[in-house]
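What you are looking at is a predicted structure, and each value in this text was computed from that prediction instead of being measured. These numbers come from the heavy atoms of this one structure, side chains and all, not from hydrogens, waters or symmetry mates. Sequence positions, counted from 1, serve as the residue numbers for this chain.
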Amino acid sequence: MFIKLGVVLLFVSSQAWANKDLTILLAYGDNDGAPYAIEESDKLSAGLIKDISTELAAFLDLNIEYVKIPRQRIERYLENNDIHIVLFSNPDWLSNSEKLQWSDEIFYEQDLVVVREDNPKTFNKIEDLRGMTLGTIRGYRYANLQPYFDDKFFVRYDVSTLEVNFIRLSLNRIDSLVGANVLINYYLKTSQNPESFKVLPFTVSSHPVKAAISPNAPIDINKFNAALSQLKSEGVIEAILEKYQINNTKSLKINK
């Protein structure tokens, strides 16, 4: 109880609906860049996590408090029920995934690689990154890239956010970065210098985004999935994705 109270006091960005009895702690972190999470005055104010969870909360008639925590603590907090939901996750990303509950897929995303526009090399596959330093997110598991990291085929360099990786790439402090197409697309759409970067023409991984739910969360996984299915069938999820234009890849400059 002390741990749970501490988590709420230290990390909660309070945002709730109505005066309902059931409260769910939904976690996000700095790794959830825009448009996943958009903050104002250190509180979650917009983005895919906010919009989709708002719809789910209304459907399930529950109250949600947003909890901002570091990526490295996600697994422990979920397993110990100190947080209840991480809305955007995948079993391959968490080392204790078998101990958690998993929702149906919410949407699909792809991990892509970005280099500087002035990089003269030709890249057609992961192996073409040999010897490069690849900007990654601290605490994140890249299942398809781990064998390359283990063999020191290329070097992993961890930071807290994709935005920091773009800054480091622009300064030539890393050779490339890897990130979700959703985040890359949004960053380039809102960047002042998108022409400085190019997205490589291969996919590191393609995977469903699912909600990770703690073992004893005060919510029924079947009801959660039913609500999610209803929102998808009504086109609500697709409308939210379109709101942030993440499916429009025209702004992505692909190196061919």
Side-chain angles (χ1 to χ4, degrees), residues 4 7 12-13 15-17 20-29 31-33 35-37 44 46-69 71 73-111 137 139-143 180-183 205-244 246-247:
K4 292 183 179 179
V7 171
V12 165
S13 296
Q15 176 69 42
W17 298 275
K20 300 165 185 173
D21 294 331
L22 180 60
T23 298
I24 298 293
L25 300 181
L26 190 153
Y28 74 102
N31 56 293
D32 293 307
Y36 284 171
L44 191 65
L48 291 168
I49 291 175
K50 174 70 161 53
D51 291 1
I52 292 176
S53 61
T54 297
E55 295 293 340
L56 286 167
F59 193 97
L60 294 168
D61 193 35
L62 54 82
N63 173 70
I64 291 184
E65 293 180 353
Y66 294 113
V67 182
K68 188 172 184 180
I69 63 174
R71 171 63 184 79
R73 301 180 186 178
I74 290 273
E75 289 148 316
R76 175 161 53 91
Y77 283 5
L78 272 172
E79 186 174 338
N80 293 339
N81 295 288
D82 297 319
I83 56 176
H84 301 133
I85 298 177
V86 173
L87 193 61
F88 295 168
S89 189
N90 181 283
D92 288 340
W93 304 346
L94 304 182
S95 61
N96 61 346
S97 60
E98 74 284 351
K99 299 179 181 179
L100 308 175
Q101 303 182 81
W102 291 92
S103 77
D104 296 335
E105 68 276 2
I106 302 172
F107 61 92
Y108 279 80
E109 70 174 15
Q110 297 176 326
D111 276 348
I137 300 300
Y140 186 86
R141 297 179 68 201
Y142 300 88
N181 62 319
V182 176
L183 302 179
S205 65
S206 180
H207 42 262
V209 173
K210 302 182 176 185
I213 302 176
S214 62
N216 297 313
I219 184 173
D220 183 88
I221 185 65
N222 294 319
K223 292 182 179 179
F224 185 93
N225 281 331
L228 181 59
S229 177
Q230 186 69 23
L231 292 176
K232 290 165 66 176
S233 66
E234 293 176 355
V236 175
I237 300 297
E238 184 62 28
I240 293 173
L241 297 178
E242 285 296 323
K243 173 182 176 181
Y244 296 98
I246 66 166
N247 291 328

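We find the CG-CG distance between Leu48 and Leu241 to be 6.0 Å, quoted to the nearest 0.5 Å. Here the straight-line distance linking atom CG of Asn80 with atom CG of Leu78 works out to 9.5 Å at 0.5 Å rounding. Residue Phe107 holds its CZ atom at 8.5 Å from NE2 of His207, rounded to the nearest 0.5 Å. Note that CD1 of Ile64 is 11.5 Å distant from NE2 of His84, once rounded to the nearest 0.5 Å. Atoms CD1 and CZ, from Ile83 and Arg73 in turn, are 11.5 Å apart once rounded to the nearest 0.5 Å. The distance from the CD1 atom of Ile85 to the CD1 atom of Ile24 is 5.5 Å, given to the nearest 0.5 Å.
Contact of the Asp51 side chain with the Lys243 side chain is registered, since non-hydrogen atoms from C-beta on lie closer than 4.5 Å. For the pair Leu22 and Pro218, the minimum side-chain heavy-atom distance is below 4.5 Å. Counting heavy atoms from C-beta outward, Trp93 and Val86 have side chains that stay 4.5 Å or more apart. No side-chain heavy atom of Leu183 sits under 4.5 Å from any side-chain heavy atom of Glu109. Considering only heavy atoms from C-beta on, Leu228 stays 4.5 Å or farther from Phe59 through its side chain. In this structure the side chain of Val209 never reaches within 4.5 angstrom of the side chain of Ser89, judged on heavy atoms.
When all heavy atoms of Leu25 and Asp82 are compared, the pair lying nearest together is CD1-O, 3.4 Å. Scanning both residues, Trp102 and Ser97, for their nearest heavy atoms gives NE1-O, 2.9 Å. For the pair Asn63 and Glu65, the tightest heavy-atom approach, listed with the atom from each and the gap, is ND2-CG, 4.1 Å. Pairing each heavy atom of Ser206 with each of Gln110, the nearest pair is OG-CG, 3.9 Å. Heavy atoms only, all atoms of each residue included: Ser53 and Leu26 are closest at CB-CD1, 3.7 Å. Heavy atoms only, all atoms of each residue included: Leu100 and Ala212 are closest at CD1-CB, 4.4 Å.
In this structure a side-chain-to-backbone donor-acceptor pair under 3.5 Å is present from Gln101 to Ser214. A donor-acceptor contact shorter than 3.5 Å links the side chain of Lys232 to the backbone of Glu105. In this structure a side-chain-to-backbone donor-acceptor pair under 3.5 Å is missing from Asn96 to Lys99. Here the side chain of Asn90 pairs a donor or acceptor atom with the backbone of Pro208 at under 3.5 angstrom. With Arg71 contributing its side chain and Gly139 its backbone, the two residues share a donor-acceptor pair below 3.5 Å. Judged by distance alone, with hydrogens and angles left aside, the side-chain atoms of Asn225 form no donor-acceptor pair with the main-chain N or O of Asn222 at under 3.5 Å. For the pair Asp32 (side chain) and Ala37 (backbone), a donor-acceptor distance under 3.5 Å is absent. A donor-acceptor pair is defined here as one N or O able to donate and one able to accept, closer than 3.5 Å; no such pair exists between the side chain of Tyr36 and the backbone of Ile49. With hydrogens and angles ignored, the 3.5 Å screen pairs no side-chain donor or acceptor of Asp92 with any backbone N or O of Ala143.
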List the steps and the verdict of side-chain contact (heavy atoms from CB on, under 4.5 Å) for Leu56 and Leu87.
-> CA-CA 11 Å; Leu56 286 167; Leu87 193 61; 4.0 Å; yes
Determine, stepwise, if the pair Asp111 / Tyr140 fulfils side-chain contact (heavy atoms from CB on, under 4.5 Å).
-> CA-CA 12 Å; Asp111 276 348; Tyr140 186 86; 3.8 Å; yes
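Proximity of the aromatic rings of Tyr28 and Phe88 is defined here by a centroid distance below 6.0 angstrom, and this criterion is not met.
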